[in-house]
There are 2 protein chains.
Amino acid sequence: MLQKSLPMPTPISFSVHDHRACMIQAIDQAKQLCAKRKLRLTAIRQQVLQLIWQSHKPIGAYDLLALINQQGGKAAPPTIYRALDFLLEHGLIHRLASVNAFIGCICPEHGHQGSFLICRQCHRAQEVTHPTLTSKLQKLAQAQGFAVESTILEVSGLCQACQREQA
Amino acid sequence: MLQKSLPMPTPISFSVHDHRACMIQAIDQAKQLCAKRKLRLTAIRQQVLQLIWQSHKPIGAYDLLALINQQGGKAAPPTIYRALDFLLEHGLIHRLASVNAFIGCICPEHGHQGSFLICRQCHRAQEVTHPTLTSKLQKLAQAQGFAVESTILEVSGLCQACQREQA
DNA sequence: GATGGGACGTTATAATGTTACAAAAAAGTC
DNA sequence: GACTTTTTTGTAACATTATAACGTCCCATC
Ligand SMILES: [Zn+2]
Ligand SMILES: [Zn+2]
Ligand SMILES: [Zn+2]
Ligand SMILES: [Zn+2]
């Protein structure tokens, strides 16, 4: 079960857009999702989610920790990791293993693995869908007798803006 | 440039096989490759490569460090990481970001990104090819104006043996 | 208003990876 | 061979990322 084929929002990380609106929408969506599933979006969990969305690029656990403590909090690593675990578990964020950082999920309802384009220059990342790709992968794995449970797919390279800057 | 389409050896990690023969062949191949490219496969680099191949599953940097020091060495982390960097740079090993571990490459001549099936139970991993998959991915990225430089694809799940054991 | 499970605070520690600089070894040059 | 230059290794300290253990608090339910 890699991904359901519901429509996903258009990815826009690499485009100019009102990121504050993204965050507000994401928080709102998270609240609804937690209400629906009877989960507790506690103050810290919401704060972590908000900080992740406020960042225009994937953010590390200790950067989050610093931000929280700048804002008057007095958190320790376990606090952050517990919040991150909760958000991960319920699909509200993704973890990018190749850069040890976290990013908000653009469609938390889906229950999916994320796939990401990550710019090595500006460090922004964008979640993308891989419609046929997922099934191809499934077949490839099944041919080996391997039962897929989850997949990480992280593409590193240059986003359009950074390509232009390079030239 | 994700991958050239030369023939790759049949993956056998999850099958019963003479792993010692794998290692000997891999070391031999590494020596040839380094000779051809005028690279220096120093004692430590060869030892690290050999230890990686001796392990029947991906192995972490600090486990390698411990093994080397068990064998009479007196290495510190930088020693290991430098050897790993060399081996990575020249495609002799791969790094599995999702488990922070290293694994020997089954076809170091190719200059490719690896894709891996990783069993969450027995922790063995197997490198696989993704012939059409790579090009699909390229197209997907290009549609976003993204210039791909490298890709990590790591599939987690259960290998055939562990599936049977489960049942 | 007891009580039980989940969430959080706190301290310490584990695991992974890097910087900086000195010494040694190897390779190139005459 | 003696010199210089480059590459590799040794060593100590440090940085980053993540977890363990245990006690306390909150709060929903009974
Ligand atoms: Zn997502
Ligand atoms: Zn960029
Ligand atoms: Zn390989
Ligand atoms: Zn297995």
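Nothing here was measured: the structure is a model prediction, and the numbers come from that model. Letters A, B, ... mirror the listed sequences (proteins, then strands); counts begin at 1.
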Check your understanding: How long is the span from the CD1 atom in B/I93 to the CZ atom in B/F86, to the nearest 0.5 Å?
Key -> 10.5 Å
**Study point:** A/L117 side, atom CG; A/E154 side, atom CD - distance, nearest 0.5 Å
**Key:** 10.5 Å
Practice item. May I ask whether A/V155 and A/L158 are part of the same hydrophobic cluster, defined by side-chain heavy atoms of I, L, V, M, F, W, Y residues being less than 4.5 angstrom apart, directly or through others? Key: no
Point to revise | Nonpolar side-chain network containing B/I118, other nodes, edges under 4.5 Å | key: B/L96, B/V99, B/I103, B/F116
Point to revise | Residues clustered with A/I152, ILVMFWY side-chain links under 4.5 angstrom | key: B/I152
Closest heavy-atom contact between [X] and [Y]?
X: B/G114; Y: B/H94; answer: N-CE1, 3.6 Å
X: B/G145; Y: A/Q163; answer: O-NE2, 2.7 Å
X: B/A61; Y: B/I80; answer: O-CG2, 3.7 Å

**Study point:** Stretch residues 77-95 of chain B: residues that reach within less than 4.0 Å of DNA chain D through a heavy atom
**Key:** B/P78, B/T79, B/R82
Review point. Can you list, by residue number, the residues of residues 48-74 of chain B that have a non-hydrogen atom closer than 4.0 angstrom to DNA chain C?
Key: B/Y62
Check your understanding: With sequence neighbours left out, which residue pairs that include part of residues 35-47 of chain A fulfil the side-chain hydrogen bond (donor to acceptor under 3.5 Å, both in side chains) condition?
Key -> A/Q47-A/Q71
Study note, to complete from the structure: So side-chain hydrogen bond (donor to acceptor under 3.5 Å, both in side chains) across residues 75-88 of chain B, not counting sequence neighbours, yields none
Practice item. Considering just the side-chain nitrogens and oxygens of A/N100, establish if one lies under 4.0 Å of OP1 or OP2 belonging to D/dA18. Key: yes
Check your understanding: In terms of heavy-atom contacts, does CD of A/Q25 have more than 12 from other residues, nucleotides or ligands at under 6.0 Å?
Key -> no
Check your understanding: Who pairs with B/R120 by salt bridge (Lys or Arg N to Asp or Glu O under 4.0 Å), at least two apart in sequence or on another chain?
Key -> A/E149
Revision key, fill the gap. Taking five pairs at each terminus, the helix from C/dG1-D/dC30 to C/dC30-D/dG1 shows an axis bend, to 10°, of 30°
**Study point:** Verdict with supporting geometry, A/L153 and A/Q113, side-chain contact (heavy atoms from CB on, under 4.5 Å)
**Key:** CA-CA 9 Å; A/L153 175 50; A/Q113 313 302 135; over 6 Å; no
Review point. Of all residues at least two apart in sequence or in a different chain, which pass the side chain to side chain contact (heavy atoms under 4.5 Å, CB included) check with B/R95?
Key: B/L88, B/N100, B/F102
Revision key, fill the gap. Residues at least two apart in sequence or cross-chain that pass side chain to side chain contact (heavy atoms under 4.5 Å, CB included) with B/D28, listed by chain then number, are B/Q32
Point to revise | Range on DNA chain C touched by chain A, heavy atoms, distance below 4.0 Å | key: C/dA7 to C/dT11
Exercise for review: Encode nucleotides 25-30 of chain D as B, S and - characters from 5' to 3', where the letter depends on protein heavy atoms closer than 4.0 Å: B to the base, S only to sugar-phosphate, - to neither.
Suggested key: ------
